[in-house]
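Chain A is the first sequence line, chain B the second, and so forth, proteins listed ahead of strands; every chain is numbered from 1.
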Amino acid sequence: MTKPSLTPRPEPVDAKQYDPSLIEEAYYRWWDENKLFHPEPTPGKEPHTIMIPLPNVTGMLHLGHALNNSLQDAVTRCRRMQGCETLWLPGTDHAGIATQSVVERRLWEEKRVTRYDLGREEMLRRIWAWKDEYQSRILSQLRRMGASCDWDRTEFTMSPRLSRAVRRTFLELFREGLIYRGQRLINWSVGVQTALSNDELEHHEVDTFFWDLHYPLTEDPSRVITVSTTRPETMLGDTAVAVHPSDERYKDLVGKTVRLPLADRDIPIIADEILPDPEKGTGAVKVTPAHDFNDYECGKRHGLPMINILNTDGTLNSNAGRYAGLKAVEEARARVVEDLKAEGRLGKVEPLRHSVAHCYRSGTIVEPYLSDQWFVKMDSLVELAKKCYLEDRQVTFFPPRRGDDYLRWLDSTPDWCISRQIWWGHRIPIWYCLDCHPNIELDPSGDPRPIPSDARPVVPGSDDPEATPEACPVCGGKRLVQDPDVLDTWFSSQLWPLSTLGWPDETEDLKFFYPTSVLITARDILALWVARMIMMGMKFRGGVTPFRHVLIHGTILDEMGNIMSKSRGNGFDPVKVIEGGSDEIKGKSEPAPGIPTHRVEHYKVYGADALRYGVLGLTAGFNQNLKMSVRRTPREGSEGALPHFDVEVPVFEEGRRLSNKMWQAFRGVVLPNVQDLSPAPEGESPFPEDRWILSRVGSAVAEVTANMAEYRIGESTDRLYHLFWDDFCSYYLEVVKPRLWGTEEESGRGQAQRCLLRASDAILKMLHPIMPFVTEALWQDLLPALAAAGLAAPGSALMTAPWPESKSFARDAALEAATALAQQVASAINSIRSEVPGVPPGQALPEVVLCAEPEGMEALVSLGPLYGAISRLAKVSKIREGEIGSPPSQSAAAVASPLRIFLPLAGLIDLPAERARLQKKIDKLAKASEGLERKLSNPAFVEGAPADIVEKERGRLAENRQAISLLEAQLARLG
RNA sequence: GGGCGGAUAGCUCAGCUGGAAGAGCGUCGGCCUUACAAGCCGAGGGUCGCAGGUUCAAGUCCUGUUCCGCCCACCA
């Protein structure tokens, strides 16, 4: 309570229906201006920290982000109300390759210039401008969704502070020998012209061929050895043919040479244990160590020469002789095949579909490419990451099975290639001495190229991202040039939980908020990001995990099971869902049969709460696929050339209806009736509906609290929906209304008001993490009454109000059972009203008679205090008890075990229709009884099953039989 | 090829440690009942993918199998 009082709350909105546009921005601004999102390290308080999985500045947020951030916000808001000092730290990722590619593409489309035309400095200026624009758009999208991030701590991976952390990390790992430079076969993106790590590849199925090539023996050209390949053009770089040592067919050929066609080189036939599989193809394979990962390993085993035949742009180089300059896959392949055919060296050609690696950003083919790159040695880091999870149990996955995915990746990760031949990113903090290495040249951008494999690295003296080494430690020369490459984006993102809190400085934030509480993310970056953050935390934070929990949520898919994205044409902008409006969609594929790829879509105003409710509801059960159905209906007579569609999303529809229902219930019933508190005696209310709703709220508080603690947020949305709609609105409000309207003494108005306030308060609180806006707005309207009743502090905010406790709500199981029976009775009466012809639908029924067998008397008695409730719910004027033996004549009957219900309907009843209705019920009951009888006549069941189960089944059968006999008697009476 | 997940009402999905099949939407019928027609009342609709097994009892556990999806993998 040390916080200064809040600024005046936003003006109350008086609207008949809920209009999110009148609420959301005003309340968000109010929270923000009161710094309610901003935590401070506070000794004695429990911290709760979430680092946002930093979105890329490449584009706008999509529905997947809406889900991810709704989860984070729901957890954050819940913990904040539970008294934690909550930090949700926002920020963005510079996303090196992705962002540079986007800006380059745009430059080319708009101005026909390349990055080389602009030069490094100007290009970076353009990318910074892009970043500024998109970062602010992304952050405003987050605000729009209601994200309670601490904007004062907003970070960016290339800020000076984070750049310092990156440099510190690089230099420490380098000094330790965990970062090294070396020539390796790496993945090369031909489109972006940079190295990629294994994790940046996408595999796509490609239709191609399997070609058989005949290589003639040097000593006897009439004899050939046949190899099969999917990449005939790489034969220009072959340096051997390999066979399995056990392969009898080729035993005599090992050690001889073949004459490589087209290249006219002699290459050896070698025996290798690993590469060739005698069962496959001809059993003999061509070996191209510079252009295939397996061949590379084989080449190293046998000391084969490695002939690089590629340029960085994917064309063939001079090692390819007359094919130089041709694009390898698109042009050279066909020419090589053609020429081999002409020479009679081509064997059979079979169609083949196989998966080929593509660049995850440019979509172009990835070539294995031999080059000098920087690497992180992974083995010791992998050990730390395993220890954290397996031995220390410092980190827990939700759901637990995700821990297996994590381990699987750790077990199969090679050294990490971290250098990228692009400009946007953290420059590698290594210099080279031009005096020691006179063959280093500077290209037009001022970048040194090439850097020899044996160039001696010179490191700067400090972590300052601006620091440069003064002189060459060997020759003292001052002509130093920095390595032109930048680091893989993930090198900086892996530091996110550390660097955002100020590491390597020992800041108050770092001391208080580290380790973070939970990392919430989708599965696709488990390896790329999650595992590496753990490594860095373990390495640089004294073996402490960066996060205690990892929540892996599913991916939103469309109804067909495809990943949703705007570029595919089946996704949409979350802000459009919130604000409504229209959007031109120009996708790659049809979102559903008959829906064109290029169209205009119109969205309703759903509001942020409905969006959040909808996406959070999808997450129930930790499912990995979250299919979301979308209805698109064509608009008649739409203007313009493009077809127009109205878009409806059922899950958002549900959220919108819920927000509106809340609005209506509070505006229409709760608020008008709590303005003037009538006096009420202390202690428990004598009115059963009061005790009932508090009991129901109490059990919901217990369940929701438990669910939230396990991140079962989808389950909570469902639970709260029914608590509010069914229990609070359909039952409690209906039943309590007369007391609110009535005079004080008789009706217990004061008690009704207090109970209403307590239930409302708890419901709004529990719904707040899911639907922050409508709940805060209604709670503010309710606050004066809550304060008057001593249930809340005046001038406070729901956002920071304390979470309800289940122990403050008395539970009453017997009352809940009695009320459930009352609801069944009301429902049975309504059913008769609806099904029996002749019963007036609108008017109240004059009388209902309830009867019970002797063993049901207790239940009947317990129902006594609830007659008023039944009267309201089923609209009957009078309820009385009757003798079971002499039911009223000319009546419709129903059963709500253990009670019999009679509606005297003299003169109104349609006899044949009523007879048919009764017969239908009897048939249904008889069918159920048959099953029970069979079960109970089975001695194995009666003896084997626990006694209470057998008893239960017996009771059920007796109930059924009684109901049947009653209905049959009724049938007989109707004649 | 390896790993994982899914298959339950027309659609999207709940269903925890095995004890009479649920929600929302959609459909059908009836209601402008004084918070709410963005609503209320009622009805219909399911051999829980298929085949075995364990058990007195299986949507739930085990085995096999078929589809769908995802992740990983060098399939020459």
Side-chain angles (χ1 to χ4, degrees), chain A residues 16-18 198 203 210-211 227-231 242 275-277 280-288 292-297 352 354-355 357 368 399 401-402 404-405 408-409 412 523-524 526-527 554-555 557 559 561-563 604 617-618 620-629 631 648 650-651 653-654 656-673 712 714-715 718 721-722 729-730 733-734 737 741 826-827 829-835 841-844 873-875 928 931-932 935 938-946 948-950 952-953 956 960:
Chain A
K16 199 168 166 357
Q17 289 172 338
Y18 180 59
N198 284 13
H203 292 268
F210 209 29
W211 287 271
V227 296
S228 302
T229 182
T230 54
R231 299 216 49 191
L275 188 64
D277 179 351
K280 266 183 201 161
T282 60
V285 296
K286 64 196 269 307
V287 186
T288 323
D292 181 283
F293 287 97
N294 292 314
D295 294 6
Y296 177 72
E297 294 301 325
L352 177 80
H354 72 147
S355 73
R401 61 180 127 91
R402 292 296 158 220
D404 299 337
D405 296 348
R408 204 168 303 118
W409 181 79
S412 65
R523 200 177 60 263
D524 51 351
L526 185 67
T555 315
L557 308 172
E559 228 161 3
N562 298 309
I563 292 170
K604 289 187 186 176
L618 293 175
F622 292 121
N623 207 309
Q624 70 177 25
N625 297 328
L626 310 175
K627 275 203 262 180
M628 196 167 82
S629 68
R631 269 200 294 277
E648 260 188 33
V651 292
E653 209 66 46
E654 191 178 325
R656 193 171 63 105
R657 288 174 50 251
L658 178 58
S659 336
N660 188 53
K661 181 87 173 174
M662 290 169 72
W663 187 257
Q664 305 270 20
F666 278 86
R667 299 262 115 197
V669 185
V670 182
L671 291 167
N673 288 301
R712 304 180 75 93
E715 284 80 350
D718 191 57
Y721 177 95
H722 290 289
C729 292
S730 298
L733 289 187
E734 280 316 312
K737 266 187 225 169
W741 297 335
S827 179
I829 297 168
N830 280 328
S831 179
I832 291 173
R833 187 200 291 282
S834 171
E835 284 189 5
Q843 304 164 29
L873 297 177
K875 232 190 292 171
L932 286 166
K935 202 169 182 181
N938 176 7
F941 170 71
V942 181
E943 285 154 31
D948 57 319
I949 298 288
V950 177
K952 221 160 101 189
E953 298 293 80
R956 229 170 252 150
N960 270 358

Considering every strand and a 4.0 Å limit on heavy-atom distances, what is the contact class for A:R956: base, sugar-phosphate, or nothing? base

May I ask you to say what A:P672 touches in the nucleic acid, namely base, sugar-phosphate or nothing, with a heavy-atom cut-off under 4.0 Å? nothing

Write down the distance separating the P atoms in B:C28 and B:U34, rounded off to the nearest Å. 26 Å

To the side chain of A:W741, which of B:A20, B:A35, B:G39 is closest? B:A35

Any ion pair linking A:R656 and A:E653 (charged N to carboxylate O, less than 4.0 Å)? yes

To the nearest angstrom, the CG-C1' distance between A:L658 and B:C36 comes to 13 Å

Under 3.5 Å on both distances, the Watson-Crick or G-U partner of B:U54: none

Taken to the nearest whole Å, CG/A:N830 to P/B:G29 is 20 Å

Could you tell me how far B:G59 sits from B:A20 if I compare only their C1' atoms? Round to whole Å. 14 Å

Pick base, sugar-phosphate or nothing for A:S827, based on heavy-atom distances below 4.0 Å to the nucleic acid. sugar-phosphate

Heavy atoms under 4.0 Å, any strand shown: does A:E648 hit a base, just sugar-phosphate, or nothing? nothing

Using OP1 and OP2 only, check whether a side-chain N or O of A:R833 sits under 4.0 Å from B:C40. no

Looking only at the side chain of A:Q17 (C-beta and beyond, no hydrogens), which of the listed nucleotides B:G29, B:A38, B:G3 gets closest? B:A38

Who is the Watson-Crick or G-U wobble partner of B:U12, with both distances under 3.5 Å? B:A23

For A:L873, does its backbone N or O pair with a side-chain atom of A:E734 as donor and acceptor, under 3.5 Å? no

Between A:L557 and A:M628, is any pair of side-chain heavy atoms under 4.5 Å apart? no

B:G69 - base-pair partner by Watson-Crick or wobble geometry, distances under 3.5 Å: B:C4

For B:A35, does OP1 or OP2 lie under 4.0 Å from any side-chain N or O of A:K737? yes

Just compare B:C13, B:C36, B:C56 and give me whichever is closest to any side-chain atom of A:K627. B:C13

Picking from B:U12, B:C40, B:G3, which would you name as closest to the side chain of A:K661? B:C40

Strictly below 4.0 Å: does A:R657 bring a side-chain N or O up to OP1 or OP2 of B:G39? yes

Which sits closer to the 5' end of RNA chain B, A:Q664 or A:F293, going by the nucleotide each is nearest to? A:Q664

Side-chain N or O of A:S831 less than 4.0 angstrom from OP1 or OP2 on B:A43? yes

Among B:C25, B:C36, B:A43, the one nearest A:R631 by side-chain distance: B:C25

Closest heavy-atom pair and its distance - A:Q664, A:K16: OE1-O, 3.1 Å

Please pick, from B:C13, B:G39, B:A35, the nucleotide with the shortest atom-to-atom distance to any side-chain atom of A:N623. B:C13

What is the separation between atom CG on A:L618 and atom C1' on B:C11, rounded to the nearest whole Å? 14 Å

With the side chain defined as heavy atoms from C-beta on, A:E654 is closest, among B:A23, B:G24, B:G29, to B:G24

CD1 of A:I829 versus P of B:G42: gap in Å, rounded? 11 Å

Using the C1' atom in both, what is the distance from B:U33 to B:G42, to the nearest Å? 15 Å

Return whichever of A:L275 or A:A940 has its heavy-atom-nearest nucleotide of RNA chain B closer to the 5' end. A:A940

Go through the steps for A:K661 and A:S659 under the test side chain to side chain donor-acceptor pair (under 3.5 Å), then give the verdict. CA-CA 5 Å; A:K661 181 87 173 174; A:S659 336; over 6 Å; no

Atom CE of A:M628 to atom P of B:C25: distance rounded to whole Å? 17 Å

Any A:R833 side-chain heavy atom under 4.5 Å of A:N830 side chain: yes

Side-chain contact check for A:K16: nearest option of B:G15, B:C36, B:C25 is B:C36

Have a look at A:F666 and say if it touches a base, only the backbone sugar-phosphate, or nothing, with a 4.0 Å heavy-atom cut-off. nothing

Out of B:A35, B:A23, B:C74, minimum distance to the side chain of A:D718 belongs to B:A23

Could you tell me whether the side chain of A:N673 reaches within less than 4.5 Å of the side chain of A:W741, counting heavy atoms only? yes

Can you tell whether the side chains of A:D404 and A:R401 come within less than 4.0 Å, N to carboxylate O? no

Contact between A:R231 and A:W211 at the side-chain level, heavy atoms closer than 4.5 Å - yes or no? no

Expressed as a whole number of angstroms, how long is the span from A:N660:CG to B:C40:P? 11 Å

Could you check whether A:E835 gets within reach of a base, just the sugar-phosphate, or nothing at all, counting any heavy atom under 4.0 Å? sugar-phosphate

Distance between P atoms of B:A14 and B:G6 (Å, rounded): 9 Å

Strictly by Watson-Crick or wobble contacts shorter than 3.5 Å, is anything paired with B:G42, and which nucleotide is it? B:C28

C1' spacing across the pair B:U63 / B:U55, given as an integer number of angstrom: 16 Å

For nucleotides B:U8 and B:G15, find the distance between their C1' atoms and express it as a whole number of Å. 9 Å

What nucleic acid atoms does A:P939 come within less than 4.0 Å of, heavy atoms only: base, sugar-phosphate, or nothing? nothing

With sugar-phosphate meaning primed atoms plus P, OP1 and OP2, does A:A945 contact a base, only sugar-phosphate, or nothing at under 4.0 Å between heavy atoms? base

Looking only at atom C1', what distance separates B:C68 and B:G29, rounded to whole Å? 38 Å

Rounded to the nearest Å, what distance is computed from the NZ atom of residue A:K875 to the P atom of nucleotide B:G42? 12 Å

Given B:A35, B:G24, B:G29, identify the nucleotide with an atom nearest to the side chain of A:L733. B:A35

Would you measure the distance from the C1' atom in B:C31 across to the matching atom in B:C50 and give it in whole Å? 46 Å

Are A:S834 and B:G29 close enough that a side-chain N or O sits under 4.0 Å from OP1 or OP2? no

Can you check the A:Q843 CD to B:G30 C1' distance for me, whole Å? 14 Å

